[in-house]
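What follows is a set of notes on a single structure, which appears directly below.
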Amino acid sequence: MHDDEQALLKLLATSLDSTFRQLVLCYQDRLYTFALRLTGSAQDAEDTVQEALFGAYIALSHYTPERIHALKLRGWLYKLTLNVFRNCKRGVRPLMIPLDVSEESLVMLLPDNEELRPDILYEHTERMQELTHLLGQLPEYYRVVIICFYFETLSQAEIAQLLDQPLGTVKSRLHRATQLLRQKLQAQQQKEDVATYGI
């Protein structure tokens, strides 16, 4: 466990009301990005995170200091967010899942480099949009492991704990989800080649 997380847990255990704001400031952006990738909607993501953080406050207010000290805070907050998402999900609809928080963030994350031409940035943006669309076509149980592993950088063990699944199931789903995404990307590329070159 990171020292920062351990220090925050210690503060939460001794003074929840004065420290909870610090927890929110530390995790709200990460939870929002996670929720946005799950929901595909900025408003739904905001609502999901707000409800998850409210649930976290209520839970922590009932936990003993020992139980708070024993928490794996990041994984616990992701789990609360995922549970809120699942509880609020209505019907089945195709999802468009942004892989970044804002349209500008792709450019903002790139290092200052004069060799990066606008055509390269455009192509990269286009590829990210394709990946976003294809990721949204995966079943939820594959989509969640891909998002957690590749975008939220949770370990496979952390994902297993988050989803209450055996580690072997997570490894299998991650492998299968990666294969499916790769196949979808290849099929998309073939369609583009046919449209462009007639082959």
Side-chain angles (χ1 to χ4, degrees), residues 1-2 4-65 67-106 108-109 128-129 131-133 135-155 158-165:
M1 185 182 297
H2 298 318
D4 291 346
E5 186 172 304
Q6 190 63 48
L8 182 56
L9 285 170
K10 191 174 184 178
L11 290 170
L12 288 167
T14 56
S15 181
L16 176 62
D17 288 337
S18 60
T19 309
F20 192 74
R21 178 175 164 76
Q22 189 177 339
L23 178 146
V24 171
L25 293 173
C26 185
Y27 286 97
Q28 68 182 351
D29 290 342
R30 285 184 259 183
L31 295 176
Y32 174 77
T33 303
F34 178 58
L36 186 59
R37 289 175 180 145
L38 290 171
T39 65
S41 159
Q43 183 61 53
D44 290 345
E46 287 176 16
D47 293 345
T48 299
V49 171
Q50 186 174 7
E51 190 171 334
L53 289 171
F54 178 73
Y57 180 82
I58 297 300
L60 289 169
S61 69
H62 290 93
Y63 286 2
T64 63
R67 187 169 180 189
I68 292 173
H69 282 292
L71 280 177
K72 293 182 178 171
L73 192 58
R74 182 174 77 148
W76 182 69
L77 291 169
Y78 277 116
K79 186 167 191 160
L80 287 174
T81 305
L82 182 61
N83 287 342
V84 170
F85 162 71
R86 287 179 169 165
N87 291 338
C88 294
K89 194 170 60 169
R90 295 180 195 93
V92 177
R93 58 183 174 88
L95 287 177
M96 291 296 291
I97 304 162
L99 298 180
D100 57 6
V101 177
S102 69
E103 291 177 5
E104 295 86 20
S105 66
L106 176 64
M108 298 291 284
L109 293 174
M128 289 296 281
Q129 288 172 346
L131 182 60
T132 294
H133 177 71
L135 185 59
Q137 294 175 1
L138 294 178
E140 180 190 317
Y141 50 89
Y142 287 148
R143 195 170 65 244
V144 169
V145 295
I146 287 275
I147 291 170
C148 288
F149 188 74
Y150 289 107
F151 298 102
E152 302 303 325
T153 63
L154 295 175
S155 70
E158 288 174 315
I159 297 169
Q161 187 174 15
L162 172 70
L163 301 177
D164 291 324
Q165 293 175 347

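Along the sequence shown, residues are numbered consecutively beginning with 1. Keep in mind it's a predicted model, so treat the numbers as computed, not measured. Note: hydrogens, waters and symmetry copies are ignored here, and every other heavy atom, side chains too, is used.
A heavy-atom distance below 4.5 Å is found between the side chains of Leu60 and Trp76. A 4.5 Å side-chain heavy-atom check between Phe149 and Leu154 finds every atom pair outside the cut-off. Within the 4.5 Å cutoff, side-chain heavy atoms of Leu163 are placed close to those of Leu82. For the pair His62/Ile58, a side-chain contact is recorded, criterion being any heavy-atom separation below 4.5 Å from C-beta on. Annotation: side chain of Ile147 is in contact with side chain of Leu135 (closest heavy-atom distance under 4.5 Å). Residues Gln22 and Leu12 form no side-chain contact, since every pair of their non-hydrogen atoms from C-beta on lies 4.5 Å or further apart.
Across all their heavy atoms, Ile68 and Tyr63 have their closest contact at CG1-CB, 3.6 Å. The minimum heavy-atom distance between Thr39 and Ala45, with the atom names listed, is OG1-N, 3.7 Å. Looking at every heavy atom in both residues, Tyr27 comes nearest to Leu8 through CE1-CD2, 4.0 Å. For the residue pair Tyr32 and Ala42, the shortest heavy atom distance occurs at OH-CB, 3.4 Å. The nearest pair of heavy atoms linking Gln161 to Lys79 is O-NZ, 3.5 Å. Taking every heavy atom of both residues into account, Cys148 and Leu162 meet most closely at SG-CD2, 3.6 Å.
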Margin query: Is there a salt bridge (Lys or Arg N to Asp or Glu O under 4.0 Å) between Arg74 and Glu158? Walk through the geometry before answering.
Written below: CA-CA 9 Å; Arg74 182 174 77 148; Glu158 288 174 315; 3.0 Å; yes
Check: Do Asp17 and Tyr57 pass the side-chain contact (heavy atoms from CB on, under 4.5 Å) test, and can you show the C-alpha distance, the side-chain angles, and the key distance before you say yes or no?
Finding: CA-CA 9 Å; Asp17 288 337; Tyr57 180 82; 2.3 Å; yes
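Going from atom OG1 of Thr48 over to atom CZ of Arg86 covers 13.0 Å, rounded to the nearest 0.5 Å. A distance of 10.5 Å separates CZ in Phe85 from CG in Asn87, rounded to the nearest 0.5 Å. Separating the OG1 atom in Thr33 from the CD atom in Gln28 is a distance of 10.5 Å, to the nearest 0.5 Å. Taken from OH in Tyr141 to CD1 in Ile146, the straight-line distance is 13.0 Å, to the nearest 0.5 Å. Annotation: the span from Leu38 atom CG to Arg143 atom CZ amounts to 7.0 Å, rounded to 0.5 Å. Remark: Ile159 CD1 to Tyr78 OH distance equals 10.5 Å, nearest 0.5 Å.
The backbone N or O of Leu11 lies less than 3.5 Å from no partner atom in the side chain of Ser15, so there is not a single donor-acceptor pair. The closest donor-acceptor contact from the side chain of Glu5 to the backbone of Leu73 lies under 3.5 Å.
For Gln50, the CD atom sits in a loose shell: 12 or fewer heavy atoms of surrounding residues, nucleotides or ligands are nearer than 6.0 Å.
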